[in-house]
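Convention: sequence-line order gives letters A, B, ...; per-chain numbering from 1.
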Number of protein chains: 2
Amino acid sequence: MSRRPSPTRDRGIPEATVARLPLYLRALTGLAERGIATVSSEDLAAAAGVNSAKLRKDLSHLGSYGTRGVGYEVEYLVYQISRELGLTQDWAVAIVGVGNLGRALANYGGFVSRGFRVAALLDADPEVVGDTIAGLNVVHIDELETVIKRRGVSIVVLATPAQAAQAVCDRVVNAGVTSILNFAPVVLSVPESVEVRKVDLSIELQILAFHEQRKADRESGGPLMAVENQ
Amino acid sequence: MSRRPSPTRDRGIPEATVARLPLYLRALTGLAERGIATVSSEDLAAAAGVNSAKLRKDLSHLGSYGTRGVGYEVEYLVYQISRELGLTQDWAVAIVGVGNLGRALANYGGFVSRGFRVAALLDADPEVVGDTIAGLNVVHIDELETVIKRRGVSIVVLATPAQAAQAVCDRVVNAGVTSILNFAPVVLSVPESVEVRKVDLSIELQILAFHEQRKADRESGGPLMAVENQ
DNA sequence: ATATGTGAACAGGTTCACAGCG
DNA sequence: CGCTGTGAACCTGTTCACATAT
């Protein structure tokens, strides 16, 4: 319950900051490829699509990796952020559910960028078990626990149909996995020691529709002042 | 710059609330299918994976749709949330980029649930132009502006390679589209009147890796108290 | 001289706890 | 009496503006 202050440095990096570190890392990688060795918070922030104050505050949580009057050394910062995100080791990822989406994920190149490796594909459908997708053999879901243990899988991507997701999730958690990326449109229940991130296409669309509608409302009703509604 | 207070009701629904409305809607749909007519904030919150105080506060932003001592009428609430999200009309969506991911999205059923209709598929590759995917003919990207206008597309899903994304985005914005769902791993620059939502698989994985690593750190270094690190 | 790192002010979101309505 | 709706307290995250280091 108490958040012991580390003797060396506060390891409690704000969640909002963690969510932006990958953005900075990508921007830095782009700069490095263009041969840029040093960058100011202003320029890096622009490349990552945030403002510079936020960037500096974010980086300050990792440590003091810039030089006043100069900026940040690109290579060095890439390393520090990679290390903080845990990308200096690589993580074995299993994809469960090899339908259209699972297949797309397996083939998605940038997905397996630095730090991640698709170590297994699993599915319940005997029709696809045995197929080779992205150079990997599709294994039957019965093998789930075995595969997770044998291949050292620590992150599972769920791309199953909605009805199957919770059951698969339970098995995955039971097998000791504590990080799940869920594409199925359901709210998974898991112990709180397990981290679930959710990607939900229809939710994103609905949020867009809300804003789109608001714009339409403004155009027609705004200037004239709305009259009805109850 | 000023946020004129509406005479009838405050239309300024917090962004965080908007992002959860689709969750409530899905939970309510599930309840309706199971024939449940009335639900308490406690139960609905549980089904949506949030706490009940948050749910009540969220719903209070839409209006007073519950009955004290009783709960919420499921059908009625479904309608109110649908209306608020703009799902009572349906939105024409175009998917640009019909690679693995675009194909998966086109075929994804739940994607086209209530309120959305895939109205066009576009790609630059002459190899796939003319193909039929999910019952739709793939059109060449040259037709982008024409298709958007002719089919009344108001939401565009970008599933192009990273290098192409900004250029396509510019054309889409120029054609008058103000809502974009971006799957390409780039920061798009758009006028601020345009709403962009981003889905980025590798960012999600990196966030999971961060937490996964922290757990590992704790197990080994935590109880023994870390010693090195600078 | 210049750009970082950060305290302080601010804004937005969450949780608490209870008044108020059915 | 039960459950909603909401002010108030709290917490997290963002922005400002400048002291500080090179």
Side-chain angles (χ1 to χ4, degrees), chain A residues 1-3 5 8-21 23-24 27-28 31 36-74 76-77 80-81 84 192 207, chain B residues 1-3 5 9-21 23-24 27-28 31 36-74 76-77 80-81 84 192 207 210-211 230:
Chain A
M1 210 140 272
S2 71
R3 193 167 293 273
T8 46
R9 181 193 301 144
D10 187 10
R11 251 38 181 74
I13 298 178
E15 194 54 37
T17 295
V18 172
R20 280 187 296 266
L21 290 180
L23 236 51
Y24 303 152
L28 286 165
L31 294 173
I36 295 168
T38 278
V39 67
S40 68
S41 65
E42 199 68 48
D43 292 353
L44 179 53
V50 303
N51 70 52
S52 64
K54 195 185 284 185
L55 172 78
R56 289 199 303 278
K57 177 81 69 173
D58 282 342
L59 293 184
S60 78
H61 288 115
L62 315 191
S64 218
Y65 294 143
T67 309
R68 292 171 196 236
V70 179
Y72 301 88
E73 210 220 311
V74 174
Y76 184 56
L77 198 49
Q80 292 299 345
I81 295 179
E84 198 65 57
E192 64 171 328
I207 296 170
Chain B
M1 210 139 274
S2 71
R3 194 167 292 273
R9 181 194 301 145
D10 188 10
R11 248 45 179 69
I13 297 177
E15 195 53 38
T17 296
V18 172
R20 280 187 297 266
L21 291 179
L23 237 50
Y24 304 152
L28 286 164
L31 294 173
I36 295 167
T38 279
V39 68
S40 68
S41 66
E42 198 68 48
D43 292 352
L44 179 52
V50 303
N51 70 51
S52 64
K54 196 185 284 185
L55 172 77
R56 288 199 303 278
K57 179 78 83 176
D58 283 342
L59 293 184
S60 78
H61 288 116
L62 315 191
S64 217
Y65 295 142
T67 309
R68 293 171 195 235
V70 180
Y72 301 88
E73 209 221 312
V74 174
Y76 184 56
L77 198 49
Q80 291 300 344
I81 295 178
E84 198 64 59
E192 65 170 327
I207 296 170
F210 171 83
H211 292 293
Q230 274 303 335

Using atom [atom1] of [X] as one end and atom [atom2] of [N] as the other, report the distance to the nearest whole Å.
X	N	atom1	atom2	answer
B:Arg56	D:dG7	CZ	C1'	14 Å
B:Glu73	C:dG22	CD	P	16 Å
B:Asp43	D:dC3	CG	C1'	11 Å
A:Leu77	C:dA3	CG	P	17 Å

Any side-chain N or O of [X] under 4.0 Å from OP1/OP2 of [N]?
X	N	answer
A:Ser64	C:dG5	yes
B:Tyr72	D:dG5	yes
B:Lys57	C:dG13	no
B:Ser41	D:dT4	yes
A:Asn51	D:dT15	yes

Can you figure out which of D:dT20, C:dT6, D:dT22 approaches the side chain of A:Arg68 most closely?
-> D:dT20
Toward the 5' end of DNA chain D, by each residue's nearest nucleotide, B:Ala53 or A:Ala53 =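 Going by which nucleotide is closer to the 5' end, it is B:Ala53.
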Starting from the 5' end of DNA chain D, give me the residue, A:Thr67 or A:Asp58, whose nearest nucleotide shows up first.
->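 The residue closer to the strand's 5' end, by nearest nucleotide, is A:Asp58.
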When A:Gly69 and A:Ser60 are each assigned the nearest nucleotide of DNA chain C, the 5'-most assignment goes to A:Gly69
